[in-house]
Amino acid sequence: MALKVATWNVNSLNVRLGHLLQWLKGEPIDIVCLQETKLIDENFPVAALTAAGYRSLFSGQKTYNGVAILLRQDTVHEVANVQTQLPGIDDEQRRLIAATIDGIRVVCAYVPNGQAIGTEKYSYKLKWIAALHDWLHSELKQYGRLLAAGDFNIAPEPRDVHDPEAWAGQVLFSEPERAAFRALLNLGLKDSFRLFDQPGRMFTWWDYRNLAFRRKQGLRIDHILISDELAARCSGCTIDAGLRKLEQPSDHAPVIATLQ
DNA sequence: ATGGCATGACAATCATGA
């Protein structure tokens with residue numbers, strides 16, 4: 001039985017709940033990782049998602065950040081070891097939620113944006129990824145089947161950027177960020193999207209400004225990383241850009257990995 | 001051209017995103 005796992009930065013779950021429900025109705029994903037819910041936990045739409053057949057795990061805050069994992073009740077059964085703190089960093093921002101779901105360690109991450117090179121937020125981004133790296137290192141010793149999905153806010157390679165020359169040295173594509181991403185892969189993780197031949201100009205984020213989506217001016221910054229054991233079971237990874245075409249869309253599109 | 005566009009908090013702009 002194939003298992004579909006997705007990650008999507010919704011840029012406000014309040015605004016995007018309709019899109020989410022519509023999407024899941026047409027494509028029943030088994031495990032959905034969400035970022036930028038921008039909701040305090042009391043306001044998480046548990047009832048609407050329960051009615052749609054999903055159990056919700058979430059960690060939110062007011063205005064910014066916020067992450068969640070949705071589990072399709074028909075196909076997902078055991079949930080254990082839910083965790084919302086990233087060890088090794090004193091972070092009040094709600095950017096991580098992890099759970100062991102039917103034996104797979106699922107990590108949902110919203111990596112800091114970084115703002116611009118040389119800023120405090122850029123340092124925080126690199127520090128946050130370093131903490132994620134060290135924690136995933138220990139998790140991988142414990143879990144052979146591990147999946148780390150989310151908005152990494154890093155375009156790993158030139159082909160993940162619509163205009164690599166213009167983006168050279170910019171935040172999201174700077175060498176220290178890309179090195180940090182490679183270090184995650186070097187832990188024994190695969191970028192599931194790159195396990196397969198893909199068309200060119202495949203992105204997951206497009207700026208709201210300048211008709212960037214229509215002009216295909218995007219970045220591939222949302223990723224699903226999987227351990228070797230899961231990579232052996234992975235039969236596909238796609239980006240669902242259709243949601244970016246709807247009225248009042250998120251600026252990110254979901255990434256979907258299929259595991260056999 | 002350091003903005004454009006979107007979201008939330010808050011009540012006219014401002015912080016943040018990427």
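A note on names: the letters A, B, ... follow the listed sequences, proteins ahead of strands, and every chain is numbered from 1. Hydrogens, waters and symmetry mates play no part in the numbers below; they use all other heavy atoms, side chains included.
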Trainee: Does B/dG17 have OP1 or OP2 under 4.0 Å away from a side-chain N or O of A/R209?
Mentor: no
Trainee: Return the value, rounded to whole Å, for the distance between atom CH2 of A/W206 and atom P of B/dG4.
Mentor: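 Nearest whole value for this atom pair: 23 Å.
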Trainee: Choose from B/dA9, B/dT7, B/dG17 the nucleotide whose nearest atom is closest to any side-chain atom of A/R16.
Mentor: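 The answer is B/dT7.
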Trainee: Surrounding CG of A/N186 (heavy atoms of other residues, nucleotides or ligands, distance under 6.0 Å), is the total greater than 12?
Mentor: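 Atom CG in A/N186 is packed in, count exceeds 12.
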Trainee: Counting only side-chain heavy atoms from C-beta out, which of B/dG8, B/dA18, B/dT7 sits nearest to A/N11?
Mentor: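 It is B/dT7.
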Trainee: Can we say A/E27 and A/K4 salt-bridge, meaning some charged N sits less than 4.0 Å from an Asp/Glu carboxylate O?
Mentor: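 Looking at A/E27 and A/K4, the cut-off is met.
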Trainee: In terms of ring plane angle, is the pair A/H252 and A/W205 parallel, tilted or perpendicular, where the classes change at 30° and 60°?
Mentor: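 A/H252 and A/W205: tilted rings.
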Trainee: Could you pick out which residue, A/Y64 or A/V111, lies toward the 5' side of DNA chain B when each is mapped onto its nearest nucleotide?
Mentor: A/Y64
Trainee: Think A/H252 has a side-chain N or O under 4.0 angstrom from the OP1 or OP2 of B/dA18?
Mentor: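 Yes, such a contact exists.
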Trainee: Among the candidates B/dG17, B/dG8, B/dA9, find the nucleotide nearest to the side-chain atoms of A/K62.
Mentor: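 It is B/dA9.
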Trainee: Would you please confirm or rule out a distance under 4.0 Å between OP1 or OP2 of B/dA18 and any side-chain N or O of A/Y110?
Mentor: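 For B/dA18, OP1/OP2 do have a side-chain N/O of A/Y110 under 4.0 Å.
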Trainee: Determine, for A/F203 and A/R220, whether the Lys NZ or Arg CZ falls below 6.0 Å from the six-membered ring centre while staying within 45 degrees of the axis.
Mentor: no
Trainee: So, does A/K121 get its side chain near the phosphate of B/dA15, meaning an N or O under 4.0 Å from OP1 or OP2?
Mentor: no
Trainee: When you check the phosphate oxygens OP1 and OP2 of B/dA18, does a side-chain N or O of A/N153 lie under 4.0 Å from one of them?
Mentor: yes
